[in-house]
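Here the structure is laid out as structure tokens; the discussion comes afterwards.
On a predicted model such as this, the values are computed, not experimentally measured, just so you know.
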Amino acid sequence: MTRRKKIYEGKAKILYEGPEPGTLIQYFKDDTTAFDATKKAVLEGKGVINNRISEYIMTRLTGIGVQNHFIKRMNLREQLIKEVEIIPLEVICRNIAAGSLATRLGIPEGQPLPRSIIEFCLKDDKLHDPLVTEEHITAFNWASTQEIDDMMAITLRINDYLTGLFAGVGITLVDFKVEFGRIYENDFPRTILADEISPDSCRLWDSVTNEKLDKDRFRRDLGN
Ligand code: UDP
């Protein structure tokens, strides 16, 4: 790793220069953070597992035509990805009330939502990733109207697919967060899925017992 140029270090991942132009290496750390990194820990092996889970999900999504940045897994903690221009938004999709939606709107955690809801948050820890509307997104040029439409359509497609995938193994997909980037094809930007999809960015409950199988175990000190 030391031989490579570090491009960016985030809370849970590091990006290194890739072997060819237009590629990067995404390294999964064991570092775990919550509440805008005010709570921190190192969970041994977490990065290895998230690398595998994200590889599996991204590969399955490629299989149903959801373009994403994943190229191949290189080793236990690293994957080769396409370099994208990250859109500075977190796109959240919710099926069941939990977390900040339950708190913000006073809806009991666990209540199914009338339909899947998509929210956009600005990626900015200092501002606590505030919820933003399409008005803010277009006025401040974080993304175009076309990109917003694309992100919503792709996120709903991911939700449909992952809901079924997890249901098949007895897990309920409560909510999840995805991030998107632009890649340029003949000077035209295309919106593709980036980052990771793992239990760090999803709420997953046992379908029978509702036991939490995701990062809420860390956020809420549930152990195990
Ligand atoms: N999420 C995430 N990164 C963030 C914020 C949220 O991956 O910076 C995920 C979170 O794991 C959950 C979903 O997005 O699956 C909705 O999170 P919520 O808005 O309820 O916020 P939280 O309870 O995490 O503060």
Side-chain angles (χ1 to χ4, degrees), residues 6-16 24 26-51 53-54 57 69 77 81 84-110 113 117-137 139-143 147-148 151-152 155 158-159 173-181 193-205 212-224:
K6 193 192 276 188
I7 306 285
Y8 172 80
E9 177 154 6
K11 287 173 286 182
K13 295 187 292 290
I14 305 173
L15 295 177
Y16 295 98
L24 295 174
Q26 177 167 251
Y27 176 95
F28 287 76
K29 300 194 277 187
D30 285 341
D31 299 16
T32 307
T33 65
F35 311 119
D36 302 313
T38 50
K39 179 171 182 170
K40 291 183 194 168
V42 175
L43 300 179
E44 208 177 310
K46 193 248 328 179
V48 174
I49 293 172
N50 279 2
N51 185 20
I53 294 175
S54 203
I57 293 177
H69 73 165
R77 288 186 184 272
I81 57 170
V84 302
E85 187 180 290
I86 282 284
I87 295 175
L89 297 168
E90 300 196 333
V91 184
I92 292 172
C93 181
R94 303 177 182 274
N95 301 306
I96 294 174
S100 68
L101 176 117
T103 315
R104 195 174 350 110
L105 302 181
I107 300 174
E109 183 164 273
L113 297 170
I117 292 175
I118 292 190
E119 298 172 342
F120 292 97
C121 295
L122 180 66
K123 262 171 75 72
D124 190 327
D125 276 347
K126 285 195 294 304
L127 299 176
H128 313 294
D129 297 342
L131 191 67
V132 290
T133 68
E134 189 164 341
E135 281 287 279
H136 302 112
I137 297 170
F140 294 110
N141 255 324
W142 296 321
E147 287 171 332
I148 294 172
M151 289 190 286
M152 290 183 74
T155 302
I158 296 169
N159 186 44
L173 179 61
V174 173
D175 57 32
F176 63 94
K177 183 265 305 183
V178 278
E179 295 182 23
F180 291 89
L193 176 66
D195 194 48
E196 71 177 297
I197 301 185
S198 75
D200 271 12
S201 54
C202 302
R203 281 198 172 87
L204 302 164
W205 294 353
K212 296 180 198 311
L213 306 172
D214 56 69
K215 192 167 154 181
D216 273 347
R217 300 208 71 83
F218 170 69
R219 291 191 190 97
R220 302 181 190 186
D221 294 320
L222 299 175
N224 201 9

Sidechain-backbone polar pair: T38 side chain, F35 backbone, donor-acceptor under 3.5 Å: yes

For the student: nearest non-hydrogen atoms of P199 and L213, plus distance: CB-O, 4.1 Å

Qualifying residues under side-chain contact (heavy atoms from CB on, under 4.5 Å), relative to A41, sequence neighbours excluded: F218

Residues in side-chain contact (heavy atoms from CB on, under 4.5 Å) contact with D124, at least two apart in sequence or another chain: L122, K126, L127

Partners meeting side-chain hydrogen bond (donor to acceptor under 3.5 Å, both in side chains) with D31 (sequence neighbours left out): none

pair F120-M152: side-chain heavy atoms closer than 4.5 Å: yes

Which atom of D36 lies closest to which atom of H128, heavy atoms considered: OD2-ND1, 2.7 Å

Candidate pair L24 and Y16, rule side chain to side chain contact (heavy atoms under 4.5 Å, CB included), full reasoning: CA-CA 6 Å; L24 295 174; Y16 295 98; over 6 Å; no

Between CD1 on residue I7 and CD on residue Q26, distance to nearest 0.5 Å: 13.0 Å

Residues which pass salt bridge (charged side-chain N to carboxylate O under 4.0 Å, His left out) with R203, listed by chain and number, not counting sequence neighbours: D175, D216

Value rounded to 0.5 Å, distance of CG in L204 from CG in D214: 5.5 Å

Step-by-step side chain to side chain donor-acceptor pair (under 3.5 Å) determination, S100 to R94: CA-CA 11 Å; S100 68; R94 303 177 182 274; 3.0 Å; yes

With sequence neighbours excluded, residues passing side-chain contact (heavy atoms from CB on, under 4.5 Å) with T33: K11, A37, K40

Gap between atom CD1 of I81 and atom OG of S54 - 0.5 Å precision: 10.0 Å

Contacts of E85 that satisfy salt bridge (charged side-chain N to carboxylate O under 4.0 Å, His left out) - sequence neighbours left out: R182

K177: salt bridge (charged side-chain N to carboxylate O under 4.0 Å, His left out) partners, not counting sequence neighbours: E179, D195

Closest contact, heavy atoms only, A143 versus M151: CB-CE, 4.1 Å

Flag side-chain contact, heavy atom, 4.5 Å: Y27 against L15: no

Rounded distance [0.5 Å steps], CG in L131 versus CD1 in I92: 8.0 Å

Spacing of I107 atom CD1 and T103 atom OG1 [to the nearest 0.5 Å]: 10.5 Å

Results of ring pair (Phe, Tyr, Trp, His ring centres under 6.0 Å) for Y8 - residues two or more places apart only: none

Residue pair L101, L113: steps toward the side chain to side chain contact (heavy atoms under 4.5 Å, CB included) verdict: CA-CA 11 Å; L101 176 117; L113 297 170; 3.9 Å; yes

Gap between atom CD1 of I197 and atom CD1 of I57 - 0.5 Å precision: 6.0 Å

Side-chain touch L193/V178, heavy atoms, less than 4.5 angstrom: yes

Closest heavy-atom pair and its distance - C202, L173: CB-CD1, 4.2 Å

Under 3.5 Å donor-acceptor, K212 side chain and L222 backbone: no

Non-neighbouring partners of D200 that pass salt bridge (charged side-chain N to carboxylate O under 4.0 Å, His left out), sequence neighbours left out: K46

Contacts of type ring pair (Phe, Tyr, Trp, His ring centres under 6.0 Å), residue W205, not counting sequence neighbours: none

side-chain contact (heavy atoms from CB on, under 4.5 Å) involving H136 - partner list, sequence neighbours excluded: V132, T133, F140, W142

side-chain hydrogen bond (donor to acceptor under 3.5 Å, both in side chains) against S198, all qualifying residues, sequence neighbours excluded: N50, E196

